[in-house]
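Counting starts at 1 for both ligands and their atoms, in listed order. Starting from 1, each residue takes its place in the sequence as its number.
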Amino acid sequence: MNYEPVIGLEIHVQLKTRSKMFCASPNNPDETEPNRNICEVCTAQPGSMPVINKEAVHMAILVGLALGCEIPEYSKFDRKNYFYPDLPKGYQISQFDQPICGAGIQVVEYEGKKRPIRITRAHLEEDAGKLIHEGSTTLVDLNRAGVPLLETVTEPDFRTPAEAKIFLQNLRNIVRYLGVSDADMEKGHMRCDANISLRPAGSQDLPPYKIEVKNLNSFKSVEAALNYEIKRQSEMQESGEKLTSQTRGWDDSKGITVEQRTKEQAHDYRYFPEPDLPIMHFIRGDVEKIRAELPELPAQKEERFISEFSLQDRDAGVLVNDKNLAAYFEEVVSELEEWFKEERLEADIAKLAKMAYNWISGDLQALLKIEGIDPQNSRITAENLAELIKMIHQGQVSTTAAKRILEVMFETGGDPSHVAADEGLSQVSDEVAITAVVDKVIAKNANVVADYKGGKKQALGFLVGKIMAEMKGKANPQVASRLLEEKLH
Ligand SMILES: [Zn+2]
């Protein structure tokens, strides 16, 4: 039988607030000394009282609006009761029936097909601490306890693991564009649980069971775990085994999911309203003010790059995936546009934008990756890269020379015309100089010249190669080729 996967996601995003969700302790995920960022509230001392972090509420609403969620007029916090050593209060402050963000919608594009994914809700809650196991001892580090988390829950609308992965990547891009989280999955800023079940293809009913998969800490593992579950569940169904709801953990090193608990062992969290915090009331006008703060979001930027610069979908997607790279690209293109305007030249922005894209996503990004830095922190300013592209466009340097110039610029921060002069990499377009070499090459290669005249057209390439070699790669190949052809006719 053919099965169709039914997949939903729950994603926790750590918000980059200055202080924690309900106290003034610093929220610093890079703190290495255990229990440095703690106070009486996040360590649950008797009599301590939580206070709602306004910055976290603001950030949550920004994300909600970016995801197309409704922002309800009222929202409240609830206690989610469970016992675990990294949770000193014995309950987590979360949101149960009145989340800060209500239903929303996000479009996911996969293999050219766009499908809407319904978002159920997004709610604020606090993170737990961390347990550190050392031999037979377990230590507790509460630096992370009380750090604000925004949990986004989707409807089971994904039909392929790839769609789920794309949704996650889009969400990461959105929160990065909003500046509310670094959303680095490997560092735990963003954590994902997925639920998956199978139904006969064509059926509209939700399957009678649900498998929740936890410990997915990279985009790759989300896709791999879901693919693993599709295979495992369809094999079980084929052999007539009955699937029941359970929670499974993804073992990345083995590439398998492992049973953690069944539905019978599911927690009863005994949610009840948090009595120490007020109900939040959002006035429409205030929500609209926050909406006005929304920057251009990744999907809008991608569309604009395609329409404004005629970039390919794929290329625009690569740029938009990295907020800083996209901003740098735009600066380079605007420098190029400026130059065209000043020199009153016919502007082919699509061609220049493509060149800018190729240099940025290719050679420049390779250099940036080695250093682990953003283009904004490199020594190559957008203005200097634009000048290099201009020099290539005008035939002042060859592509090979430009690669070398880019490397020197990356190391020294010099501007391309000076680097080209210092390194002797300027391309010779001087026809007198090239003609002299053309004559020399023709004289030395009489046989090849005869072949060419006898109809062997590819002999021309060989001769151009000889000219380039003679001039140590500095001749403009177009000029050399034209002069050679003129001589041979
Ligand atoms: Zn605290």
Side-chain angles (χ1 to χ4, degrees), residues 10-64 75-96 98-101 122-134 137-152 175 178-185 187-191 217 267 269-282:
E10 286 176 19
I11 309 129
H12 287 89
V13 171
Q14 241 179 35
L15 298 177
K16 232 170 40 167
T17 49
R18 271 159 299 179
S19 56
K20 292 187 182 178
M21 188 64 232
F22 301 112
C23 64
S25 300
N27 171 14
N28 175 11
D30 299 324
E31 178 58 62
T32 50
E33 193 187 324
N35 295 312
R36 186 161 178 89
N37 299 330
I38 57 172
C39 73
E40 62 276 19
V41 177
C42 51
T43 56
Q45 302 306 308
S48 64
M49 293 285 268
V51 176
I52 301 172
N53 182 333
K54 195 175 172 183
E55 193 188 11
V57 171
H58 185 137
M59 287 178 171
I61 294 177
L62 268 177
V63 177
S75 173
K76 72 169 169 63
F77 287 98
D78 299 274
R79 289 189 184 179
K80 180 180 180 180
N81 298 279
Y82 68 95
F83 173 76
Y84 205 68
D86 62 9
L87 186 75
K89 290 198 294 287
Y91 61 85
Q92 176 193 29
I93 305 181
S94 179
Q95 297 196 288
F96 184 54
Q98 288 186 268
I100 189 160
C101 305
H123 65 258
L124 272 171
E125 60 186 29
E126 57 179 339
D127 210 342
K130 269 184 198 164
L131 297 182
I132 301 154
H133 305 282
E134 281 180 5
T137 315
T138 295
L139 300 162
V140 185
D141 174 10
L142 295 177
N143 279 339
R144 202 181 64 182
V147 163
L149 294 177
L150 185 70
E151 178 175 348
T152 304
V175 297
L178 296 173
V180 303
S181 177
D182 292 335
D184 194 332
M185 280 191 92
K187 287 186 184 162
H189 304 152
M190 183 161 151
R191 288 165 250 159
N217 47 22
H267 290 295
Y269 292 119
R270 295 178 296 115
Y271 280 100
F272 65 86
E274 168 59 62
D276 291 338
L277 291 172
I279 290 174
M280 294 181 284
H281 180 200
F282 301 116

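- Aromatic ring pairs are classed by plane angle as parallel below 30°, tilted from 30° to 60° and perpendicular above 60°; the pair Phe96 and Tyr271 is parallel.
- Residue pairs meeting the salt bridge (Lys or Arg N to Asp or Glu O under 4.0 Å) criterion with at least one partner in residues 37-55, sequence neighbours excluded, are Arg18-Glu55.
- Within the protein, the N, O or S atoms sitting under 2.8 Å from the Zn ion (ligand 1) are Cys23 SG, Ser25 OG, Cys39 SG, Cys42 SG.
- Between the Asn27 side chain and the Pro148 main chain, no donor and acceptor come within less than 3.5 Å of each other.
- Note that CD of Glu10 and CD of Glu151 are 5.0 Å apart. Values are rounded to the nearest 0.5 Å.
- Judged by distance alone, the side chains of Thr43 and Gln45 do bring a donor and an acceptor atom under 3.5 Å apart.
- How far CG of Asp276 is from CZ of Phe77: 12.5 Å, rounded to the nearest 0.5 Å.
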